[in-house]
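Working notes for the structure below.
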Amino acid sequence: MLPLRLGGAVAVTVKEADHASSRIVDEQAERVGTRIRELRRSRGLTLVQLAGRTGLSHPFLSQLERGHTRPSMVSLDRIAKALGTTQVELIAAGAPGLPDADIGRADVLRAGEGARNQFPHGEVRLLTRGRRAFDPIEWTGTTTEFGDYFRHPEDEFVHVVGGALLLDLEKDGTVRLDAGDSVYYPGGTAHRWCSPDGSRFHLVVVKQKLLEDA
């Protein structure tokens, strides 16, 4: 069975979902799935209704909630918007945060630590724990396909640590960024990116924390 393509992203079919691992991927995937299920139920949504809002299949969402698979960042964005939250909040659910008493103190995050989301062509890792004034993210990838546009209310800053990036800003066109280059764009700006040649890019992305999320 071939996957269905919706809005530039692949919607997982029933056959694909059945092929997904029948066991939990890891503890982080299980925690993220649990958080998605909690938010869905708190909004009074069934899996079928969430599938309708996201364009993702019901079997895939079921696998995701049980920690048997991981979402792409595009799928995670769709789920977050449907549930009234953010990608960062859902990824952060994958790793324990700081106790409330430690939020006002410095926190060292080691290279192997932090909540992360892995997907076929890359990985995203949160570079802080607990509730902070802004959200710094490490993003690596090799995909050569743009996929769907991301659009969110937060301002965003992107710095290319290594490799090269093709950044599509829709109305402002496409620009190539090389190691050492940076870009800042205000909230609401449509954006998407990919590797120009399939080689690995390494980014640090900093998202603004909105007042209601702080």
Side-chain angles (χ1 to χ4, degrees), residues 7-10 25-26 28-29 32 69-81 85-95 97 107-210 213-214:
V10 174
V25 175
D26 56 30
Q28 290 208 15
V32 171
T69 189
R70 292 189 181 96
S72 69
M73 291 301 286
V74 169
S75 295
L76 198 65
D77 184 57
R78 293 184 180 190
I79 294 168
K81 287 177 178 176
T85 185
T86 66
Q87 290 173 313
V88 170
E89 195 274 344
L90 293 180
I91 296 172
D107 179 51
V108 175
L109 188 75
R110 300 297 183 183
E113 299 175 338
R116 64 189 70 215
N117 184 47
Q118 296 174 322
F119 40 94
H121 299 288
E123 179 182 88
V124 166
R125 180 171 74 107
L126 304 188
L127 299 179
T128 56
R129 289 175 287 202
R131 297 179 66 82
R132 299 300 184 179
F134 52 86
D135 294 316
I137 301 166
E138 182 181 37
W139 190 314
T140 59
T142 58
T143 182
T144 56
E145 296 185 3
F146 277 123
D148 290 356
Y149 282 105
F150 293 102
R151 184 182 282 105
H152 45 71
E154 307 93 346
D155 286 13
E156 189 164 85
F157 169 82
V158 179
H159 176 73
V160 182
V161 178
L165 189 74
L166 282 182
L167 174 65
D168 180 4
L169 294 172
E170 193 179 36
K171 295 179 181 179
D172 293 327
T174 301
V175 61
R176 178 186 170 112
L177 301 175
D178 292 298
D181 294 341
S182 302
V183 61
Y184 181 101
Y185 39 85
T189 301
H191 58 282
R192 56 185 182 175
W193 56 61
C194 68
S195 168
D197 56 10
S199 60
R200 180 177 177 270
F201 57 78
H202 183 190
L203 315 175
V204 170
V205 181
V206 181
K207 288 180 175 289
Q208 174 193 23
K209 177 76 75 172
L210 300 180
D213 296 330

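The model shown is predicted, which means the values in this text are computed figures rather than measured ones.
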Distance, nearest 0.5 Å, that separates [atom1] of [X] from [atom2] of [Y]:
X      : Y      : atom1 : atom2 : value
Ile79  : Thr86  : CD1   : OG1   : 13.0 Å
Tyr185 : Asp172 : OH    : CG    : 11.5 Å
Leu126 : Glu138 : CG    : CD    : 10.5 Å
Gln118 : Arg125 : CD    : CZ    : 11.5 Å
Asp77  : Tyr149 : CG    : OH    : 14.5 Å

Taking only residues two or more places apart in sequence, or in another chain, which ones meet Arg200 in a side-chain contact (heavy atoms from CB on, under 4.5 Å)?
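Arg200 satisfies side-chain contact (heavy atoms from CB on, under 4.5 Å) with Thr140, Thr142, His202 only.
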side-chain contact (heavy atoms from CB on, under 4.5 Å) filter on Phe119, not counting sequence neighbours, yields Met73, Asn117, Val124, Trp139
Under 4.0 Å between a side-chain nitrogen and a carboxylate oxygen: does that hold for Arg116 and Asp26?
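Looking at Arg116 and Asp26, the cut-off is not met.
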Closest contact, heavy atoms only, [X] versus [Y]:
X      : Y      : result
Ala95  : Gly114 : CB-C, 4.3 Å
Thr69  : Ala29  : O-CB, 4.4 Å
Ala92  : Ala115 : CA-CB, 3.9 Å
Ala164 : Arg176 : CB-NH2, 3.4 Å
Phe146 : Leu166 : CE2-O, 3.5 Å
Arg192 : Gly147 : NH1-O, 2.7 Å

Check: [Y] and [X] side chains under 4.5 Å, non-hydrogen atoms:
X      : Y      : value
Trp193 : Leu203 : yes
Leu167 : Val183 : yes
Val160 : Phe201 : no

What residues, two or more places apart in sequence or in another chain, satisfy side-chain hydrogen bond (donor to acceptor under 3.5 Å, both in side chains) together with [X]?
X      : result
Ser199 : Asp197
Asp107 : Arg129
His152 : Glu154, Glu156, His191, Lys207
Gln28  : none

Treating Glu113 as the side-chain partner and Arg110 as the backbone partner, does any N or O pair qualify as donor plus acceptor under 3.5 Å?
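Yes.
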